[in-house]
Each structure stands twice: as C-alpha cells, then as structure tokens.
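All remarks here apply to the structure that follows.
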Protein chains: 2
Amino acid sequence: MATVEELKLRVRELENELIKCKQRQCAAEDAHNRPRIDKMIGLLNNYLGFSVVGVGGVGSVTAEMLTRCGIGKLLLFDYDKVELANMNRLFFQPHQAGLSKVEAAEHTLRNINPDVAFETHNYNITTLDNFTHFMDRISHGGLEEGKPVDLVLSCVDNFEARMAINTACNELGQIWMESGVSENAVSGHIQLIIPGETACFACAPPLVVAANIDEKTLKREGVCAASLPTTMGVVAGLLVQNVLKYLLKFGTVSYYLGYNAMQDFFPTMAMKANPQCNDRHCRRQQEEFKIKEAERPKVEAVQQEEEEIIHEDNEWGIELVSEVTDAELQAASGAVPDLPEGITVAYTIPEKVSGDTVEETEVSLEDLMAQMRKL
Amino acid sequence: MATVEELKLRVRELENELIKCKQRQCAAEDAHNRPRIDKMIGLLNNYLGFSVVGVGGVGSVTAEMLTRCGIGKLLLFDYDKVELANMNRLFFQPHQAGLSKVEAAEHTLRNINPDVAFETHNYNITTLDNFTHFMDRISHGGLEEGKPVDLVLSCVDNFEARMAINTACNELGQIWMESGVSENAVSGHIQLIIPGETACFACAPPLVVAANIDEKTLKREGVCAASLPTTMGVVAGLLVQNVLKYLLKFGTVSYYLGYNAMQDFFPTMAMKANPQCNDRHCRRQQEEFKIKEAERPKVEAVQQEEEEIIHEDNEWGIELVSEVTDAELQAASGAVPDLPEGITVAYTIPEKVSGDTVEETEVSLEDLMAQMRKL
C-alpha cells in the first residue's frame, strides 16, 4: 500500500519524465520543420503556372528545376508509385517507396520552395474521364484559377500519353514542350510544339535520335539499363533550359534538340505543321496561324537574309536553326520528312490510312490511339 | 492537502500522458528513419572509388548521380557551407542551410544509397597543408585503403583549385575530368585529362565556350544569374555520362565537350599535351607516355583510315573526335591553340614569363598560383 509521500514522489518523477519526453518530442518534430523562406528569389518570380505530365526520371528533375527557379504553380500528373527500382534515377529517395510519385514529389518540392502552389493528379490521363479532367485542368488550372496554364511539359514514357497531350494541346491551342529518353537510355530529345505553327505529333511520326549501338554493351546483371540518371538529367536540363530561354527571351529557342550520348552529338532541326495532318484541331490551328501571319507587318523579310541574327526581341525569341533550309522545311511537311543526319522517325505512316479519317467520323481519343497503335 | 485517491488519480493521468507522449516522440523520430536497402543494384557495382572536388551546383549533382549508379566510395572535398542562396541550384535543401556542404551531401547521399562509403574533407585544398593531405588521400584513399582513387572529378568554381588538382594529378599520373560553368551560367564544359597524353591545365589556358551574349538579358532584380539549375544539371549529366562511357567502355569518350546554352551548340575537340609545359611532372608523364606508346603493337594505323568506326573495345573506349584533324592537334600544342569555332581560351599566356620558370626553381604551389594569377 503506497503512502502519500511515495505517491507524491511518483507524481514528481512522472512530471519530470513528461517534461523530458515533451522536449524530445519537440526536438524530433523540429528536425522535420523546414525553416520557412519568406520569399524565395527566383528567375521566374512565381508568376507562371505549368503542367508537368509524367513525374518520372525526367519529369521529377524538371519539376525540381522549375521549383528552384521560382515557378508560381505546378500541376503534376502521374499515376505511378515510387519504387526502389527508381533509385538509379535522380530525385526520389528510398523512404518514399510506395508513395504515389505526385505525392512524394509535392512533399519534396514544397520543402524546397514553399512559395510554389502544387496541384497533383494521381491518375492516367489517357482514360476518357481522366482525359476530360486533364483538359479542364490545363485550360482552367493556371496560376490564376480559371485561366489556362502557361506551358505544358510532357515527360511521359509512352506513345498513348504523348498522343493524349498532343490531342489536348491541339484542341486548346496550348503551346507545349515534349521530352523523351530512348529505351536503351543513351539518347533523348526535347521538342517545342506550337499548335498550327510547328509539326504536332500527328503531323509526322515522333522523331528519335538514332543511337546506332549494340545495347548489350550497356546491360549489367540485374540492372535496368534503361535508367541512366545522366541521360535523364541532361534531357531535363535541356528541357527546362529551353523553357527559360522561351519565357525569359534569351538565346535561341530550339524547336527540336536531340542528344546522342554515345557520340555526344546534339542535332537540331525544325518541322512545319503538316497541312494534311489527321488531327482536325491541328489543321484549324494552322488556318488561324496563317491568318495571324498574314496580318503581321512584313518586316521580317529583310531580316531573314541576315542568317546569323538572333531575334532576341521578337515575340517568341525564336529563329529557325541554320541546319534547316526552307526546302527541307517544305519537304518536312510530308509524312516522312527529310531529316538531318542522325535523326530518324520512330515509325512511318502508310500513304493512305484504311478506313475513315479523323475529321470525317469524329472518332474518340481511344479509337484514334488504337488506330495509331496499329501503324 | 491531496488525498491518496487524488494522488493515485494524478499518477494514472501522468502515466497515460507519458505513454501518449512517447508514442508521438517515436512517430516523429520514425519519420526521420530511412528504410535500409540491403544491397542497391547499380551500374558500377560498388567497386570504384572516386574523388569529387567541389560539392556545389555541379559537384553535388555529380556525387548524387555516382551514388545512384552504385559507386563504391566517394571522397568529397569542399570548404563551403550550404546557404539559402544556393536553393536555385539542385540538390541541397533549405533545412541544410548552415551545414558544411560535404556534411549535408554525405547525409543526403547515405540515405539514398547506404552501400556507398563516404569520406568527407571540409577544407580548402589550395593551402599548403591541405594540399599535401589532399594528395595523400587521392593517392591512398581509394576503395581499398592504401590504393589511389579510380578517378578525380573537378567540380570547383575557381582557377586556384583547378590548378591545385592539375598539379596533384600530374605528379601522381592520376586521370581526372574537369567541369566548369561560365560566370553568366549560360555555358559550360567537361574535359578528360590523361597526364602525359592530353593537354593539362598548365599546357594551355583553360578553354571556354564563347557565349557571345549580352549578360543583361539574363539579369533579374535580386537574382544571382550565375546559378541556373539547368546549366549545372546538364554539365553534371554530361560529366558523369563521360565517366560511365569511360569506365563501362561504351560509345565515344569526349576529351572536351562544350555546352553553349544560348545556341544549343556543343563543340567537341581534343588537345595533345604541350612538350613545353611549365609543369615538370606533366613533361615527365609525356616522356613516360611516349615510351609506352612506342612499346604498343602498331595495329591502329589501319583503323585510323576508317573514320566512322567506334573503338568500343580499345583500352579507353576513346577515339579522336572527327572535328579535330592531326594538323589541328599539332597546332593545339602551342600556347594559343587553333580552336574550333565557338571555343576560346580563358586568357592567353605571354610568350616569355618574366622571372624563373617552374622547373628551374621548384617554386611552391602557392608561388605558382600567385604567378598564374598575375597573367
């Protein structure tokens, strides 16, 4: 039977222990608190809203670069989970395994720059319902709710998702940039697509940089050779660099820039939109672009003769790369373009697609994709 | 006056509160625990030891890529602290502000891949004592203690540190790779230096990729334009890619690869060592290389005529880039080399340096640096 004195002693002991425990709890929780940065200084001044589709090896680094440059809002789309097998790429950490990629990315990026607004969508954009929602968010989920995003960046790893983004951006007239890394991980590319002006993904087959090597030289026991943090880091860097040049109007924005890691070869080129494109929204954008061009004052004709000028002050900060002549651009408007050395098309499109064409039947996105897959 | 019952009640209350507090403490501490990965699969199979000198914008990403590729051991050298101003580069996080860069990097990298052994040195390698220690560690701190590291990667941002690494590697015959980003952050380069074979930093002035732009186009209020996560990410990616190609013997290893972000221009070239180099250890390495070359069977003469062949199976996996002819290489052996379009030297060296030359007086590293600074 405890005496009053014994009980009083026990109360004092417990009170002391509780104080110590609360101190340890606070210390442990503090270790998780990030010092809040009142206003992160960034090149982009937090006034832009971007959508990054695909938050894998390229997309996660792309999102991190934009976050560190002070983007205003990031919409992240992905439906994958972080796996330990992803650790041979940059960004994700082992303790995030099992989390959705968009959730894990948001957590890390928010800690880096708490001034960025994040909106994450953990779904596959290619299913019909999700595609409708995706269209709605890129056209209304910009920095100011109700306005479109400023740029869509495609960092996906499959054809269906690229075609979904292409379809959405053609319909919305949304400028976007594409990126890709080859399956053997030793080549990649970035591409700027301005609906109606440059070739969309339905205008011509996607371009790839020919790597021209025996993949066996890269394979190691138990290693997925298709993930080199190097190639993915370079492609993400080139992509966001092109974004910065485009937005901040410096240097020459690349329409297409390839990266062949085997030979350190970086082909550039440009391709005009195809007037016979299967996507009716692409053709509509081309008509609108033609009208806009016709209304523009004709001062550029003189400048075109001075080949080396960089148009730092023009609307886009863009000039055609010198590798591509007008004749080549003309040729590029066909289904199988004349391409610079080292670039090939991922596949070729038959001259006449059997069955109805898109504009005549208004087929669904899924039908269109099924059709493209058959090619 | 408290009754026994009141005291017993208080004891129970306190005991319950303590249990809850301990649960919260554990949860908070658990959030910091990382799941241990028994064996991370990596391209490099944990059998190499590297030294990364400079753990800033390029070096930190370089170290992360190597860690994720499964390097065996990393020696990190830097004497800077993490600052919030570094947050516009990749890798470091705001909560690490105030920590030494090597300490913060080790903590992050160990969480990513616990199989890598880290050795960090928080000092400036250019002071005499530290330089001696640096020499000792790169020559004895390899994966197997007592053996040299397999490669030294220079990711420093100043001339003195580059010359210190150059001096050390020439004396030790240590192969190394250099990297750099220009002050305006829109160009960079990587370079492979094989003592006695390719030009060292004393053979010719460092090469830079001419950016040829008005820096004002990049400046934003309150922003240090000299830090673009994009340029640094691309340079780190190209550097580690060159390392992988060199070690895993695939593709063409670049002797020099420049990156001009303004025009997306990537010049490559090669430069032979200068027989008149001021560094006596470089000249000694050249003599040793000549003897080694003379002893090699002469089968390459035939191969040289087939321009496009990639020597995937030769000792280094290296071939000279096609942009550089033998005549250019010859010319490049002088103090001011004939350089491909777009590459310039950082400065030129006067024909005759006043005062004694290095080999005659055996001046100290500091004297040498003071001399170089005057140029």
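Just so we're on the same page: letters track the sequence lines, and every chain starts at 1.
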Check: Considering only heavy atoms from C-beta outward, does the side chain of B/Val186 approach that of B/Asn260 to under 4.5 Å?
Finding: no
Checklist line | Residues that A/Ser60 engages under side-chain contact (heavy atoms from CB on, under 4.5 Å), provided they are two or more places apart | finding: A/Val55, A/Phe91, A/Phe92
Next item on the list: Using non-hydrogen atoms and a 4.5 Å limit, figure out which bit of B/Thr231 sits close to chain A: side chain, backbone, both or neither.
Entry: both
Check: Does any pair with a residue in residues 228-244 of chain B pass salt bridge (Lys or Arg N to Asp or Glu O under 4.0 Å), and if so which ones, sequence neighbours excluded?
Finding: none
Item checked: Residue among A/Val240, A/Val11, A/Leu90 with most heavy-atom pairs under 4.5 Å to chain B -> A/Leu90
Next item on the list: May I ask you to name which of A/Leu239, A/Thr108, A/Thr230, A/Val235 has the most heavy-atom pairs under 4.5 Å with chain B?
Entry: A/Thr230
Margin query: I'd like to know if A/Glu6 pairs up with A/Arg10 as an ion pair, taking the criterion as any Lys NZ or Arg NE/NH1/NH2 lying under 4.0 Å from an Asp or Glu carboxylate oxygen.
Written below: no
Item checked: B/Glu13 portion near chain A, given a 4.5 angstrom heavy-atom threshold -> neither
